[in-house]
Colleague: 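First the structure, then my questions, so here it is.
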Amino acid sequence: MSERALVHAPGGGPAQNSRCEEPTVARITMKIIGGSPVPPSQSKGPEQTAAQQVDSAGDSSSRTSKNDWLNLAINTLIDDGIDEVKIQVMAKKLDVSRSSFYWFFKSLQDLHDQLLQNWLQNNTTPIIEHAMRPAPTINRAILNVFECWVDERLFDPKLDIAVRLWARREPAVRTVVHEADRRRVDAIKAMYLRYGYDDENAFIRARVLYYMQIGHFTLDLGETLDARVSHVPAYLLAFSGQEPEPEDVRLFDAFAARFAVSDPSAEVP
């Protein structure tokens, strides 16, 4: 996500210069949550340059893409945690040489940064965008946000939990997570403000709506999609203080039904 160390030094150990953390965190949160992806580093370290010399002679890197490495890293983070996101281990799984990694990433730290970039872009931007959507009523606006809890293309709960576990042990990652949470809540608060709620009321309702859903994912209650959807009218009343219109519920039911067949245990509020 950036060229500089955010969590670990290039070799995978703790970063030695903590003064590098905050500018990197600020750049990540401002550019990614703000919607402007940080480009991968274009500079080449000595290992990367050497790897490209080897690969130009016929190494197997051509059999993989950057997305192959990144998707494997995401799945490893979710299944096994950040400690298992290792170059050699991933190279073996991809059946390529370790040097192939350096065609796409400057260092392991560069990969870590881009993991965070992926999380911010895919799990935070959609919440903000859905909270900003125009809607005729507050309940319809809330249902726009609820779409993120149903469609994992808009919000991946397993990835969110994995990043939060990572953040518990890495202060710099925790700073990024806290900033993402703040921006998510701010977007939902702004949604309430548009429908006439005062500042304090909008802030608390936004926190209740957001924290409840994040907590539900973390608890992994295992309720079916149908069971969760059946409670939507009561959730809307609790979150808005207003009885939902039957048409609001019908529209959301139709949206959720598209995901029931492929994933009967998907989460909704």
Colleague: Under the rule for side chain to side chain donor-acceptor pair (under 3.5 Å), what residues qualify as partners of Asn75, not counting sequence neighbours?
Modeller: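 With neighbours one apart ignored, the set is empty.
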Colleague: With sequence neighbours excluded, what pairs up with Glu247 under the side chain to side chain donor-acceptor pair (under 3.5 Å) test?
Modeller: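 With neighbours one apart ignored, the set is Arg250.
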Colleague: Taking Asn118's backbone N and O only, do any of them form a donor-acceptor pair with Asn122's side chain (distance below 3.5 Å, no angle check)?
Modeller: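 Pair found, side chain donor or acceptor close to backbone of Asn118.
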Colleague: To the nearest 0.5 Å, tell me how far Ile188 CD1 sits from Leu193 CG.
Modeller: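 Interatomic distance, Ile188 CD1 to Leu193 CG, rounded to 0.5 Å: 12.0 Å.
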Colleague: If hydrophobic clusters are built by linking Ile, Leu, Val, Met, Phe, Trp and Tyr wherever their side-chain heavy atoms come under 4.5 Å apart, do Phe105 and Leu94 end up in the same one?
Modeller: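 In one cluster: yes.
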Colleague: To check you understand the geometry: which heavy-atom pair defines the closest contact between Arg169 and Arg174, and what is its length?
Modeller: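 Heavy atoms of Arg169 and Arg174 come nearest at N-NH1, 4.3 Å.
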Colleague: Between Leu236 and Pro244, which heavy-atom pair has the shortest distance, and what is it?
Modeller: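 Where Leu236 meets Pro244 most closely, the heavy atoms are CD1-CB, 3.6 Å.
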Colleague: Would a single hydrophobic cluster contain both Trp149 and Phe255, if residues Ile, Leu, Val, Met, Phe, Trp and Tyr are joined by side-chain heavy-atom contacts under 4.5 Å?
Modeller: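 Yes: a chain of side-chain contacts under 4.5 Å links Phe255 to Trp149.
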Colleague: Restricting to side chain to side chain donor-acceptor pair (under 3.5 Å), what partner residues turn up for Asn123, sequence neighbours left out?
Modeller: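 Residues passing side chain to side chain donor-acceptor pair (under 3.5 Å) with Asn123: Asp160.
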Colleague: Among Leu115, Leu165, Val163, whose side chain to side chain contact (heavy atoms under 4.5 Å, CB included) with Ile82 holds?
Modeller: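 Among Leu115, Leu165, Val163, the one meeting side chain to side chain contact (heavy atoms under 4.5 Å, CB included) with Ile82 is Leu115.
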Colleague: How long is the span from the CD1 atom in Ile161 to the CG atom in Leu77, to the nearest 0.5 Å?
Modeller: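 Output value for this atom pair is 11.5 Å.
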Colleague: Measure the spacing between CD1 of Ile204 and CG of Asp199 and express it to the nearest 0.5 Å.
Modeller: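 Between Ile204 CD1 and Asp199 CG, I get 10.0 Å after rounding to 0.5 Å.
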Colleague: Centres of the Trp166 and His112 rings: under 6.0 Å?
Modeller: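 Yes, ring centres under 6.0 Å apart.
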Colleague: Are Phe146 and Val208 joined in one hydrophobic group, where the rule is that I, L, V, M, F, W and Y side chains link up if heavy atoms are under 4.5 Å apart?
Modeller: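 Yes; tracing contacts between hydrophobic side chains, which count when under 4.5 Å, links both residues.
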Colleague: Checking Arg168 now: which residues fulfil salt bridge (charged side-chain N to carboxylate O under 4.0 Å, His left out) with it, not counting sequence neighbours?
Modeller: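 With neighbours one apart ignored, the set is empty.
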Colleague: Asp186: which residues meet the salt bridge (charged side-chain N to carboxylate O under 4.0 Å, His left out) condition with it, sequence neighbours left out?
Modeller: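 Partners of Asp186 by the salt bridge (charged side-chain N to carboxylate O under 4.0 Å, His left out) criterion, ordered by chain and then number, come out as Arg182.
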Colleague: Looking only at side chains, do Gln109 and Asp113 share a donor and an acceptor under 3.5 Å apart?
Modeller: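 Distance-only check passes for Gln109 and Asp113.
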Colleague: Applying a strict under-4.5 Å side-chain criterion to I, L, V, M, F, W and Y, I'd like to know whether Tyr211 and Phe217 cluster together.
Modeller: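 Shared cluster, yes.
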Colleague: May I ask you to decide whether Arg133 forms a salt bridge with Glu129, counting only side-chain N to carboxylate O separations under 4.0 Å?
Modeller: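 Salt bridge flag = no for Glu129 with Arg133.
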Colleague: Give a yes-or-no answer on whether the side chains of Ser107 and Asp110 include a donor-acceptor pair shorter than 3.5 Å.
Modeller: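 Their side chains do not contain a donor-acceptor pair, so the 3.5 Å distance test is not met.
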Colleague: Under 4.5 Å between side-chain heavy atoms, counting indirect links through other Ile/Leu/Val/Met/Phe/Trp/Tyr residues: same cluster for Tyr192 and Met212 or not?
Modeller: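 As far as the 4.5 Å side-chain criterion goes, Met212 and Tyr192 are connected within one cluster.
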Colleague: Rounded to the nearest 0.5 Å, what's the gap from CG on Asn144 to CE on Met191? Could you check?
Modeller: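 Between Asn144 CG and Met191 CE, I get 8.5 Å after rounding to 0.5 Å.
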Colleague: Using every non-hydrogen atom in the two residues, find where Ala135 and Ala141 come nearest and quote the distance to one decimal.
Modeller: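 Heavy atoms only, the tightest pair is CB-N, 3.6 Å.
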Colleague: Roughly how far apart are Leu72 CG and Met90 CE, rounded to 0.5 Å?
Modeller: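 Result: 6.0 Å between the selected atoms.
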Colleague: Using the test side chain to side chain donor-acceptor pair (under 3.5 Å), find all partners of Asp181 that sit at least two apart in sequence or belong to another chain.
Modeller: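 Here the qualifying residues are Arg164, Tyr210.
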Colleague: Ignoring hydrogens and angles, tell me if any N or O in the side chain of Tyr197 forms a donor-acceptor pair with the backbone of Ser240 under 3.5 Å.
Modeller: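 Looks like yes, one N/O pair under 3.5 Å.
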Colleague: Students often mix this up, so state it plainly: with edges at 30° and 60°, are the rings of Tyr235 and His231 parallel, tilted or perpendicular?
Modeller: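 Tyr235 and His231: perpendicular rings.
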Colleague: Taking Asp79 first and then Lys158, would you say they form a salt bridge - that is, a charged N and a carboxylate O separated by under 4.0 Å?
Modeller: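 No, this pair does not count.
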